[in-house]
Amino acid sequence: MSEPHGTVLEKHPPSADGAGDVAGGSDEGNRRFWSARRVPAGIVALVLLVIAGMFLYDIVAVRAGRAGMSWRRELAGQLAERPLDDVWVLTGAGVAAALGLWLLVLAVTPGLRALLPMRRTHPDVRAGLHRAAAEMVLRDRVMEVPGVQSARVRVKRTRADVRAVSHFRELDDVRADVTAVLDEAVGRLGLARPPALSLQVRRPGRKGR
């Protein structure tokens, strides 16, 4: 499933008392969007379903007087005979621990790193701006400054890195104009946590360098 581009809206049902205070819900609105984690959850559910089904079938077969599955008997024998420091035992334990750690990380992290929360103006609606859209807006504003030949913008959660190349005008003047333009543009993005600006303005390099 591809990530959303541009602005994303998430609307919640109104509260039972019908009261909604924008300021009271601002802390919740400033939080990052959580990913649904559909693919990892689906994989884990499918694996658990298959394992549980196999064991359930084997238990029913044994209760019915039939012999248990050969793979279960073989597995039980291997686990009983192999020492704890065996290579295969350590490898299996390491893989299981890595998978468990991966699932824990997915459970406690929001995900959707490319989606920046916007200021909450309505208690029941959350809005998010895609990083690529924010970078495009800031880059277009920088390119409007006289003297800027090219610009590269990278927006992170707490910082926006801007690299501009100026081919005429004094660098201090260009830097001052770009800073003013970026301050206004960042405010107009409507982000819940406006990123700090990191600006670098330089002359174009020589050809071949």
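Residues take their numbers from the sequence shown, with the count starting at 1.
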Linking directly or through intermediates, with side-chain heavy atoms under 4.5 Å: list the remaining ILVMFWY members grouped with Val95, chain and number order.
Leu99
Other residues, nucleotides, ligands: >12 heavy atoms within 6.0 Å of Arg154 CZ:
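No, because the 6.0 Å sphere around CZ of Arg154 holds 12 heavy atoms or fewer from other groups.
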Where do [X] and [Y] come nearest, in terms of heavy atoms and distance?
X	Y	answer
Leu116	Arg157	CD2-CA, 4.5 Å
Pro195	Lys156	CB-O, 4.3 Å
Pro204	Ser166	CD-O, 3.2 Å
Met69	Tyr57	CE-CD2, 2.9 Å
Leu138	Ala160	CD1-CB, 4.5 Å
Pro194	Ala192	CD-O, 3.6 Å

Is it true that Asp161 and Arg159 have a side-chain N and a carboxylate O under 4.0 angstrom from each other?
yes
One thing to verify: whether Glu184 and Arg188 come together as a salt bridge, which I'm taking to mean a side-chain N less than 4.0 angstrom from a carboxylate O.
yes
Roughly how far, to the nearest 0.5 Å, is [atom2] of [Y] from [atom1] of [X]?
X	Y	atom1	atom2	value
Met54	Asp58	CE	CG	8.5 Å
Arg141	Leu189	CZ	CG	9.5 Å
Arg152	Arg163	CZ	CZ	7.0 Å

For Phe55, enumerate each residue passing the ring-ring contact (aromatic ring centres under 6.0 Å, His included) test, keeping only those at least two apart in sequence or located in another chain.
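For Phe55, the residues satisfying ring-ring contact (aromatic ring centres under 6.0 Å, His included) (neighbours in sequence not counted) are Trp71.
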Which residues satisfy the side chain to side chain contact (heavy atoms under 4.5 Å, CB included) test with Val60, sequence neighbours excluded?
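Val60 satisfies side chain to side chain contact (heavy atoms under 4.5 Å, CB included) with Leu56 only.
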